[in-house]
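See structure below.
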Number of protein chains: 2
Amino acid sequence: MVEKSASLQEGDAAPQTRIQRAKRRQILEAGLTVFSEAGFRGATLDRIAGEAGLSKPNLLYYYPSKEAIYEALLRDLLATWLHPLQAIDPKGEPVEEILAYVERKLQMSRDFPRESRLFANEIVQGAPRIMPALEGELRDLVDTLAKVIKGWIAAGRLAPVDPHHLLFSVWSLTQHYADFDVQVRAVLNEDDPFPGAEIHLDTLFRRLLTP
Amino acid sequence: MVEKSASLQEGDAAPQTRIQRAKRRQILEAGLTVFSEAGFRGATLDRIAGEAGLSKPNLLYYYPSKEAIYEALLRDLLATWLHPLQAIDPKGEPVEEILAYVERKLQMSRDFPRESRLFANEIVQGAPRIMPALEGELRDLVDTLAKVIKGWIAAGRLAPVDPHHLLFSVWSLTQHYADFDVQVRAVLNEDDPFPGAEIHLDTLFRRLLTP
DNA sequence: CGTTCTTTTGACCGATTGGTCAAATCGGAA
DNA sequence: TTCCGATTTGACCAATCGGTCAAAAGAACG
């Protein structure tokens, strides 16, 4: 147990005790709550520290700055957020593959609304810190999938649609229920919008995509 | 030239000279730019003042506080924002009425992206200042239109869809192109996403709604 | 017990922010 | 011109913010 902490950033191995890992998780959990509610600039270290049950200097002992917490969150969550997209199977039945993707995304809006709002805040304000990932990882993933969709359409197994705009539609329709939750609930009569949303989106995409 | 204007605002009479009105418009214009980029908390009076070409105390001579500017903006823009909805004609041809509404909303995303982002910022962060309007004006408008749509469906002139979720779909799909503009452009190959978006959304809603 | 490393904290700092105020300046009517 | 209200501004203030630091408090181990 000599080299306790060499370089604790990404890239290198980051040897951490179980306590350190637990505290960092606490901090990221608190950061997720606060950043998703208030955006980067609206969040304060005091609130994050309070939410995590730590003092402000103690929080800064584990993460060197507010930015470090925010960027750690963005980095960690991007993979999770993109996962449903990667799970689409090019060998599957096209319409059902996309409908399943829509349902997975909708489930994420229901189960992880903070994550959705974190990205929404970031992107609405110009994506100042996640732009590289958008133009890199995301774009590559999207381009790959666009080709798959084009193949499906060429084979007559999917109604002709612009693949990119199809993906935008999936994102906006599903994430709307997390990001604009308060508006949805203010306008809707029911308490839980998701049962209705699931049926609606299934219908919508089925009609759009069935050849 | 005493009583220039009687009561153009809500509440009390607010007599204003032409100069006052012009400066206030400058300030609201600058405020729209800054608030839509940074959200309420991210915006600073200095930036708004700079954008408006005024000193900070001078700005505060026309509006008593940062909140006052922000709320004036929200209040003034809500009507504009809701206008395309009110323009739906219950006596019209159902599918075409809704398609026209979609196109109007998409045009607004293209022509007034700042306004769209202003609301997006507000709502993503819990709509702390516009909630009453959501539960009042907006909800009433939506409920009225929901009945019209239900009537259309009952008459077999529109495919059966949940009216509320239909409206959510219109909002999310159209506003996405304004609010998540940077993401759309980062992923897309074209420069201007709107021509493609218009075709796509027309197809999408036509297939969804045609009985 | 003492020693050494890790963790926690109170006190503090400089920068920024929203907002105030008194004084200066402007602009038009007489 | 003079006068008077409307407008503009530099100087300033209190609160808040992100972040530092030295010292205290634990923990681990012999």
Side-chain angles (χ1 to χ4, degrees), chain A residues 1-9 14-28 30-31 33-35 37-74 121 125 128-129, chain B residues 1-5 13-28 30-35 37-74 121 125 128-129:
Chain A
M1 52 168 73
V2 187
E3 41 233 21
K4 262 275 170 66
S5 62
S7 65
L8 32 105
Q9 310 300 51
Q16 293 183 8
T17 70
R18 197 168 299 112
I19 296 173
Q20 281 175 330
R21 247 196 304 274
K23 292 258 158 131
R24 290 195 191 212
R25 241 204 309 271
Q26 275 180 48
I27 292 171
L28 290 183
T33 297
V34 176
F35 282 125
E37 281 175 17
F40 178 77
R41 199 168 187 280
T44 70
L45 287 179
D46 285 287
R47 255 203 79 196
I48 298 173
E51 202 88 19
L54 300 172
S55 67
K56 189 169 59 173
N58 196 12
L59 181 151
L60 287 164
Y61 173 74
Y62 289 101
Y63 283 93
S65 69
K66 182 180 172 182
E67 284 236 13
I69 304 173
Y70 187 70
E71 280 170 4
L73 273 172
L74 283 183
N121 266 299
Q125 302 200 357
R129 302 159 212 271
Chain B
M1 55 164 72
V2 189
E3 41 229 25
K4 262 274 171 64
S5 61
Q16 295 184 11
T17 71
R18 199 171 296 109
I19 296 171
Q20 281 175 331
R21 249 197 302 274
K23 292 258 159 134
R24 288 191 194 215
R25 243 203 308 270
Q26 275 180 47
I27 292 171
L28 291 183
L32 176 57
T33 296
V34 178
F35 282 125
E37 280 175 18
F40 178 77
R41 199 170 186 280
T44 70
L45 287 179
D46 286 286
R47 254 204 77 195
I48 298 173
E51 202 88 18
L54 300 173
S55 67
K56 190 169 59 171
N58 197 11
L59 182 150
L60 287 164
Y61 173 75
Y62 289 101
Y63 283 93
S65 68
K66 181 181 173 182
E67 284 236 12
I69 304 173
Y70 187 69
E71 281 169 4
L73 273 172
L74 283 183
N121 265 301
Q125 302 200 357
R129 301 156 215 269

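Nothing here was measured: the structure is a model prediction, and the numbers come from that model. Every chain is numbered from 1 and lettered A, B, ... according to where its sequence line falls, protein lines coming before strand lines.
Counting to the nearest Å, the C1' atom of C/dG18 and the CD atom of B/Glu67 are 11 Å from each other. Between A/Arg21 atom CZ and C/dT7 atom C1' there is a gap of 17 Å when expressed in whole angstrom units. The distance from atom CG of A/Leu54 to atom P of D/dG26 is 16 Å, rounded to the nearest whole Å. As a whole-Å value, the separation of A/Leu60 CG from C/dC12 C1' is 14 Å. Rounded to an integer number of Å, the gap from B/Tyr61 OH to C/dT25 C1' is 13 Å. Regarding A/Leu59, its CG atom lies at a distance of 15 Å from the P atom of C/dG10, rounded to whole Å. Atom CG of B/Asp46 is separated from atom P of D/dG10 by 13 Å (rounded to the nearest Å). Summarising the geometry, the separation between OH on A/Tyr70 and P on D/dC17 is reported as 18 Å, rounded to the nearest angstrom.
When the side-chain nitrogen and oxygen atoms of A/Gln20 are compared with OP1 and OP2 of C/dT6, none of them lie within a distance under 4.0 Å. Under 4.0 angstrom from either OP1 or OP2 of D/dT7 there lies no side-chain N or O belonging to B/Asn58.
Nucleic acid contact for A/Tyr63: none, since no nucleic acid atom lies under 4.0 Å from a heavy atom of the residue. When heavy atoms are screened at a 4.0 angstrom cut-off, B/Arg47 is found touching no nucleic acid atom at all. Within 4.0 Å (heavy atoms only), A/Ala43 reaches sugar-phosphate atoms of the nucleic acid but no base atom. When heavy atoms are screened at a 4.0 angstrom cut-off, A/Ala68 is found touching no nucleic acid atom at all. Using a 4.0 Å heavy-atom cutoff across all strands shown, B/Leu45 reaches sugar-phosphate atoms only and no base atom.
Taking for each of B/Lys23 and A/Lys66 the nucleotide of DNA chain D with the nearest heavy atom, the 5'-most of the two is the partner of B/Lys23.
The base of D/dG19 sits within donor-acceptor range of the side chain of A/Lys56, with an N or O pair under 3.5 Å.
For the atom pair A/Phe40 CZ and A/Arg129 CZ, the distance stands at 4.0 Å (nearest 0.5 Å). Here the straight-line distance linking atom NZ of A/Lys66 with atom OG1 of A/Thr44 works out to 7.0 Å at 0.5 Å rounding.
With D/dT9, C/dA11, D/dC17 as the choices, the nucleotide that has an atom nearest any side-chain atom of A/Thr44 turns out to be D/dC17. Here the side chain of A/Tyr62 is nearest to one of C/dT7, D/dA6, D/dT20, namely C/dT7.
Under the 4.5 Å side-chain criterion, counting only non-hydrogen atoms from C-beta, B/Leu59 is not in contact with B/Glu51.
Here the rule is side-chain contact (heavy atoms from CB on, under 4.5 Å) with A/Phe35, and of A/Asn121, A/Ile69, A/Leu74 only A/Ile69 fits it.
The main-chain N or O of A/Asn58 is never found under 3.5 Å from a side-chain atom of A/Lys23 such that the two would form a donor-acceptor pair.
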